[in-house]
Amino acid sequence: MLKERFVWEVLAEKEKLLEGEVRICGWVHRIRDLGRVKFAIIRDRSGSIQVTAKKGESPDTVLETIESLRQESVVCVDGVLKKAPTREGVEVKATKITVINTPVEPLPLEVEGSEKASLPTRLRYRWLDLRNPKITAVFELEAFVARVFREYYTSQGFVEIFTPKIVAAGTESGAEVFPVLYFDKTAFLAQSPQFYKQFAVIAGLERVFEIGPVFRAEPHHTSRHLNEYHSLDIELGFIESFHDVMDYVEGFIRSLAGRVEEEPARRALETYSAEPPRLPASGIPRIPIAEAYEILREKYGKEVEEGEDLDSEGERLMGQYAREELDSDFVFIIEYPWKVRPFYTMRMESNPELTYSFDLLYRGLEIVTGGQREHRYHQLVSNLKDKGLEPEGFQFYLDFFKHGAPPHGGAGMGLERIVMQTLGLDNIREARMLPRDTERITP
RNA sequence: GCCGCGGUAGUAUAGCCUGGACCAGUAUGCGGGCCUGUCAAGCCCGUGACCCGGGUUCAAAUCCCGGCCGCGGCGCCA
């Protein structure tokens, strides 16, 4: 390895390393050439450190090399760690600088302050944008959310699964799918692992989770939709009601909220001046949609027709309501109308026009959808027909239910949306390293 | 898919409403120079742009039309 230590590690051990030989590898962040004394700030993923050379004290080759450096050159610097009046309290007095690579063109985007450039420019030159620690922090948080998800569900006896992303049919009503040429057949990119996580539960794994990409062929033009995103999915068998599913969703949210003081989450929240997610000790409120209609009408003068889904304004207002009246960044809206839910959702026994389903709003944005699934074969067939769908088209799925399917339910959570809402990002594309939207398939 | 807004150097912007003194200003980058402690270093010199096409006008970055591209709202959803 050219590089032994991150800058952060050098800084963490600076007392021990003082006056000793160190090697720093990274990108040239900034050059301050004062003539007889020259500084270069070297940056890596973990932080920055100043490299110094002085005429008469440092080798001439080092001075010449610093003069020839450009921003974003890749270098390794050998030198002695010295106390210095810098922000870090130390600097590296260079004895040797190896230039490993130099930009072949002027930079189209400056790394420092890249977040001030327009989003299209940043995405176009995302490899430079990402070198900005403010931007990297987003993805460190994203990795953290995924890790907490994995750890929480693993600790609860869930098994991680990996389902096919090339599928024969669109899973749900509505959402459009991308066709792909699959030898001599047309297949589709999975828009949800829905059928296969149910498969895994029925197949005896009982409790499963998956972190994987999903694909939506909808021509959205909004700041909260992507055509490819990561879904955090769970599915669990032997539930008594859809409240059991919500309990497990809430368990994860609580675990996440409880761990945001850990690195790298802490740094990400601090970088974006974001409040830690707030949720009441008594639990996340669960409000039937029928009540939500009333709250919206009475408190906000917002009319939503009975039996319809909340629109995005309605969701925003319910988020506001939860925050102001219930002291919670989260609120479950439950018992959605059958009309607006997919065919596999279980209908309420007391009122088949409603379902055992829920959405979870986080600061006014839907981040989770879930519910109890219909596990009774004949009821499932009848539900399909009720939705005007042909059972034949879903036979491969229906077959799962023929030989003993336990009552089960699950949920899907949008990873990028969780990150976006946690940091207060304006656009979900910022929460995706290389977003795919209607116009963008490169880089 | 429907609706709205916008496109000025590499990047971010000023100018546009109220056409002329704009061969387009500023910051940063880039090229060159000065400088022994900078820390968004500073100072001096230089470099580089009006999305494309048509129209109105004596005159268009500015007004009008079309196109292309981008962004957002709605719908749909995570």
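Nothing here was measured: the structure is a model prediction, and the numbers come from that model. A, B, ... follow the sequence lines: proteins, then strands. Residue 1 opens every chain.
- Partners of A/Phe358 under the ring pair (Phe, Tyr, Trp, His ring centres under 6.0 Å) rule, at least two apart in sequence or in another chain, are A/Phe332.
- B/G54 and B/C22 have their P atoms separated by 27 Å, given to the nearest Å.
- Taking atom C1' in both B/A40 and B/U28, the straight-line distance is 10 Å, to the nearest Å.
- Here B/U28 presents its P atom at 16 Å from CD1 of A/Ile31, a figure rounded to the nearest Å.
- Rounded to whole Å, atom C1' of B/C76 lies 19 Å from atom CZ of A/Phe215.
- Separating the CD atom of A/Gln71 from the C1' atom of B/U11 is a distance of 12 Å, rounded to the nearest angstrom.
- For A/Arg417 against B/C77, a side-chain-to-base donor-acceptor contact under 3.5 Å is present.
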Quick test: give all pairs of protein nitrogen or oxygen and nucleotides 6-10 of chain B nitrogen or oxygen below 3.5 Å, distance rounded to 0.1 Å.
from: B/G10; atom 1: O2'; to: A/Pro108; atom 2: O; distance (Å): 2.8
from: B/G10; atom 1: N2; to: A/Glu110; atom 2: OE2; distance (Å): 3.3

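- Contacts of A/Ile428 with the nucleic acid, taken as non-hydrogen atoms under 4.0 Å apart, include base atoms.
- Between the side chain of A/Glu112 and the base of B/G29 there is no donor-acceptor pair of N/O atoms closer than 3.5 Å.
- At whole-Å resolution of the value, CG in A/Leu69 and P in B/G29 are 15 Å apart.
- Atom-to-atom, CG of A/Asp33 to P of B/G32 comes out at 11 Å; the value is rounded to the nearest Å.
- The side-chain hydrogen bond (donor to acceptor under 3.5 Å, both in side chains) search around A/Lys93 returns A/Glu57, not counting sequence neighbours.
- Under 4.0 angstrom from either OP1 or OP2 of B/G31 there lies at least one side-chain N or O belonging to A/Arg70.
- The phosphate of B/C74 (OP1 or OP2) has a side-chain N or O of A/Arg224 nearer than 4.0 angstrom.
- Contacts of A/Leu189 classified as side-chain contact (heavy atoms from CB on, under 4.5 Å), with partners at least two apart in sequence or in another chain: A/Phe178, A/Val180, A/Phe215.
- Within 4.0 Å (heavy atoms only), A/Leu34 reaches at least one base atom of the nucleic acid.
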Which donor-acceptor pairs under 3.5 Å do the side chains of residues 17-31 of chain A make with protein atoms, sequence neighbours left out?
from: A/Glu19; atom 1: OE1; to: A/Lys82; atom 2: NZ; distance (Å): 3.3
from: A/Arg23; atom 1: NE; to: A/Asp78; atom 2: OD1; distance (Å): 2.9
from: A/Arg23; atom 1: NH1; to: A/Leu2; atom 2: O; distance (Å): 3.1
from: A/Arg23; atom 1: NH2; to: A/Asp78; atom 2: OD2; distance (Å): 3.1
from: A/His29; atom 1: ND1; to: A/Arg43; atom 2: NH1; distance (Å): 2.8
from: A/Arg30; atom 1: NH1; to: A/Glu112; atom 2: OE1; distance (Å): 2.2

Reading nucleotides 67-72 of chain B from 5' to 3' and marking B where a protein heavy atom lies under 4.0 Å of the base, S where only the sugar-phosphate is that close, and - otherwise, the string is ---SSB
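- When the P atom is compared between B/A24 and B/G48, the two are found 10 Å apart, to the nearest whole Å.
- Comparing the P positions of B/C50 and B/A60 gives a spacing of 16 Å, expressed to the nearest Å.
- OP1 or OP2 of B/A40 has at least one side-chain nitrogen or oxygen of A/Arg87 nearer than 4.0 Å.
- Under 4.0 Å is where a charged nitrogen must lie from a carboxylate oxygen, and between A/Arg297 and A/Glu306 at least one such pair does.
- The shortest distance between the side-chain N/O atoms of A/Thr121 and the OP1/OP2 oxygens of B/A12 is below 4.0 Å.
- Among the heavy atoms of the strands, none lies under 4.0 Å from A/Leu365.
- Nearer to the 5' terminus of RNA chain B, by closest-nucleotide assignment, is the contact made by A/Arg30 (compared with the other of A/Arg30 and A/Val368).
- The pair A/Arg278-A/Asp329 does not count as a salt bridge, with every side-chain nitrogen at least 4.0 angstrom from each carboxylate oxygen.
- Counting non-hydrogen atoms under 4.0 angstrom, A/His230 reaches nothing in the nucleic acid.
- A cation-pi arrangement, defined by a distance under 6.0 Å to the six-membered ring centre and an angle within 45 degrees of its axis, is present between A/Arg341 and A/Tyr336.
- Here A/Phe39 does not pack flat against the base of B/G37, since the 5.5 angstrom centre distance and 30 degree tilt limits are not both met.
- Note on A/Lys14 versus A/Glu88: no salt bridge recorded, every NZ/NE/NH1/NH2 to OD/OE distance being 4.0 Å or above.
- Checked against B/A12, B/C77, B/G1, the side chain of A/Asp309 finds its nearest nucleotide in B/C77.
- The separation of B/U8 from B/G25, taken at their C1' atoms, amounts to 11 Å, rounded to a whole angstrom.
- A/Ser231 is linked by a side-chain hydrogen bond (donor to acceptor under 3.5 Å, both in side chains) to A/Asp233, counting only residues two or more places apart in sequence or in another chain.
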A correct dot-bracket answer for RNA chain B, with pairs being Watson-Crick or G-U at under 3.5 Å, [ ] for crossing pairs and | for inter-strand pairs, is (((((((..((((......[....))))((((((.......))))))...(((((..]....))))))))))))....
Between side-chain atoms of residues 407-417 of chain A and protein atoms elsewhere (two or more places apart, or another chain), which donor-acceptor pairs fall under 3.5 Å?
from: A/His408; atom 1: ND1; to: A/Pro406; atom 2: O; distance (Å): 2.8
from: A/His408; atom 1: NE2; to: A/Gln198; atom 2: NE2; distance (Å): 2.8
from: A/Glu416; atom 1: OE1; to: A/His230; atom 2: N; distance (Å): 3.0
from: A/Glu416; atom 1: OE2; to: A/His230; atom 2: N; distance (Å): 3.1
from: A/Glu416; atom 1: OE2; to: A/Arg432; atom 2: NH1; distance (Å): 2.7
from: A/Arg417; atom 1: NE; to: A/Arg224; atom 2: O; distance (Å): 3.2
from: A/Arg417; atom 1: NH1; to: A/Glu366; atom 2: O; distance (Å): 2.8
from: A/Arg417; atom 1: NH2; to: A/Arg224; atom 2: O; distance (Å): 2.8

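- Residues passing the side-chain hydrogen bond (donor to acceptor under 3.5 Å, both in side chains) test with A/Asn427 are A/Arg429, sequence neighbours excluded.
- B/G29 sits 25 Å from B/G6 when the C1' atoms are compared, rounded to a whole Å.
- Rounded to whole Å, the separation between the C1' atoms of B/C68 and B/C23 comes to 28 Å.
- Taking atom C1' in both B/U26 and B/G37, the straight-line distance is 30 Å, to the nearest Å.
- Within the structure, a side-chain polar atom (N or O) of A/Ser312 is placed less than 4.0 Å from OP1 or OP2 of B/C74.
- One can place CG of A/Asn132 at 14 Å from P of B/A12, the figure rounded to the nearest angstrom.
- Residues meeting the salt bridge (Lys or Arg N to Asp or Glu O under 4.0 Å) test with A/Arg131, sequence neighbours left out: A/Glu72.
- Note on A/Arg432: nothing from the nucleic acid sits closer than 4.0 angstrom, heavy atoms only.
- Classified by interplanar angle (parallel below 30°, tilted 30° to 60°, perpendicular above 60°), the ring pair A/Tyr153/A/Phe158 is perpendicular.
- Using a 4.0 Å heavy-atom distance criterion, A/Glu313 is classed as making no nucleic acid contact.
- Salt bridge A/Glu353/A/Lys339: absent, no basic N to carboxylate O contact under 4.0 Å.
- By the side-chain contact (heavy atoms from CB on, under 4.5 Å) test, A/Ala94 is found to be paired with A/Val51, A/Val62, A/Val77, A/Ile97, residues two or more places apart in sequence or in another chain being considered.
- The shortest distance between the side-chain N/O atoms of A/Ser118 and the OP1/OP2 oxygens of B/A12 is below 4.0 Å.
- Nucleotide B/G1 holds its C1' atom 14 Å from the NE2 atom of A/His225, rounded to whole Å.
- Between A/Asp311 and A/Glu228, the residue anchored nearer the 5' end of RNA chain B, judged by the nucleotide with its closest heavy atom, is A/Asp311.
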